[in-house]
Amino acid sequence: MEPLTGVDSEYGTAKVTFKLGDQSKEIQLSAGDVAAQKESDKDSLVYQLKHMDGTARKAAVEQINADFYNAAIKQYSSKGVVLDKFVGTKGSTYSAAELGTYLNDNLSTLTTPKYPSFDADGNVTYKTVTLHLLMGDIFGGTYGTPTGALYVCDAYKPEA
């Protein structure tokens with residue numbers, strides 16, 4: 001399991017690498033890069049997808065959507081998320097129940113930054129994924145020492 005990365009931007013910052021159709025050139029973009037592109041620009045991902053033939057576009061859209069989803073679920077939107085309210089005397093211990101109660105009351109869900117999702121025609125919308133705290137994987141620890149919590153989400157499912 002990789003740790004989640006907090007992101008304070010509206011869009012995901014993780015780069016996704018892919019090829020369009022039979023092009024040999026790799027394209028590397030983040031969700032923020034895609035959002036910043038002007039859709040009518042010939043170099044934009046939307047423009048390129050819209051100008052591919054149907055079969056190649058379908059395959060590209062399926063792969064790109066999965067790649068951006070999987071990049072998104074490695075990040076959480078850190079705007080408004082307060083992580084430093086669970087406090088105690090440095091060196092003293094806390095129980096799994098104490099940490100679990102705090103997390104459940106304050107951080108039971110996190111949301112990913114926005115990521116692009118393309119339809120069959122190459123049009124883009126932006127989505128987020130809700131990450132849910134997995135209560136069974138919370139352990140006690142020592143104040144002043146980093147700890148972890150496991151968040152889960154649904155696996156990527158291609159849109160029909």
Side-chain angles (χ1 to χ4, degrees), residues 1-20 26-37 44-46 48-49 57-120 122-160:
M1 286 272 145
E2 292 179 45
L4 293 172
T5 302
V7 176
D8 66 358
S9 91
E10 181 178 7
Y11 298 94
T13 59
K15 297 284 187 182
V16 172
T17 303
F18 54 89
K19 293 180 183 180
L20 290 178
E26 284 190 336
I27 298 171
Q28 192 174 56
L29 296 169
S30 70
D33 295 335
V34 175
Q37 292 179 336
S44 78
L45 184 54
V46 169
Q48 291 180 61
L49 286 172
R57 180 175 50 231
K58 182 179 188 296
V61 163
E62 287 174 1
Q63 185 61 53
I64 291 167
N65 282 348
D67 290 347
F68 274 111
Y69 180 93
N70 289 320
I73 63 173
K74 294 176 183 171
Q75 299 183 325
Y76 69 94
S77 180
S78 62
K79 286 186 179 181
V81 175
V82 179
L83 298 175
D84 58 358
K85 297 270 183 173
F86 185 68
V87 295
T89 305
K90 188 173 182 171
S92 64
T93 61
Y94 55 84
S95 69
E98 290 170 318
L99 179 58
T101 298
Y102 172 79
L103 290 173
N104 194 48
D105 290 348
N106 297 284
L107 297 165
S108 62
T109 60
L110 297 171
T111 304
T112 67
K114 292 179 183 177
Y115 69 95
S117 179
F118 297 90
D119 68 16
N123 299 305
V124 64
T125 56
Y126 291 89
K127 299 179 177 184
T128 61
V129 178
T130 301
L131 307 168
H132 302 275
L133 178 65
L134 190 60
M135 290 296 291
D137 284 344
I138 296 173
F139 302 99
T142 304
Y143 288 105
T145 303
T147 191
L150 185 61
Y151 285 80
V152 296
C153 64
D154 293 333
Y156 174 72
K157 293 178 190 137
E159 294 182 22

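Atoms considered below: every heavy atom in the structure, side chains included; atoms not considered: hydrogens, waters and symmetry mates. Index from 1, following the sequence.
Contact record, T89 with Y143: O-CB, 3.4 Å, taken as the closest heavy-atom pair. Closest non-hydrogen pair, Y102 versus K85, comes out as OH-CB, 3.2 Å. The nearest pair of heavy atoms linking Y151 to L133 is CD2-N, 3.4 Å. The shortest heavy-atom contact between K90 and G144 is CG-CA, 4.3 Å. Across all non-hydrogen atoms, the minimal contact from P116 to N65 is O-OD1, 4.2 Å. The shortest non-hydrogen separation linking G12 to P113 is N-CB, 3.4 Å.
Qualifying salt bridge (charged side-chain N to carboxylate O under 4.0 Å, His left out) partners for D33, counting only residues two or more places apart in sequence or in other chains: K15.
With a 4.5 Å cut-off on side-chain heavy atoms, F139 and L99 do not count as touching. By the 4.5 Å heavy-atom criterion applied to side chains, Q37 and V46 are not counted as neighbours. A heavy-atom distance below 4.5 Å is found between the side chains of I138 and M135. Looking at heavy atoms from C-beta onward, L107 lies out of side-chain contact with F86 at the 4.5 angstrom threshold. You'll find the side chain of T147 reaches within 4.5 Å of the side chain of Y94, heavy atoms only. Residues V129 and Y115 meet the side-chain proximity criterion, which asks for heavy atoms closer than 4.5 Å. Side-chain contact check for L49 versus V124: every heavy-atom pair is 4.5 Å or farther apart. Side-chain atoms of L20 and I27, non-hydrogen and from C-beta on, do get closer than 4.5 Å to each other.
From L29, atom CG reaches atom OG of S44 across 10.0 Å, with rounding to the nearest 0.5 Å. Atom CD1 of I73 and atom OG1 of T130 lie 12.5 Å apart (nearest 0.5 Å). Atom CZ in R57 sits 11.5 Å away from atom CD1 in I64 (nearest 0.5 Å). The OG atom of S108 sits 11.5 Å away from the CG atom of L131 when rounded to the nearest 0.5 Å.
Applying the side chain to side chain donor-acceptor pair (under 3.5 Å) definition to pairs two or more places apart or across chains, those involving residues 67-81 are T13-Q75, Q63-D67.
A perpendicular orientation is assigned to the rings of Y126 and Y11, their planes being inclined by more than 60° (bins at 30° and 60°).
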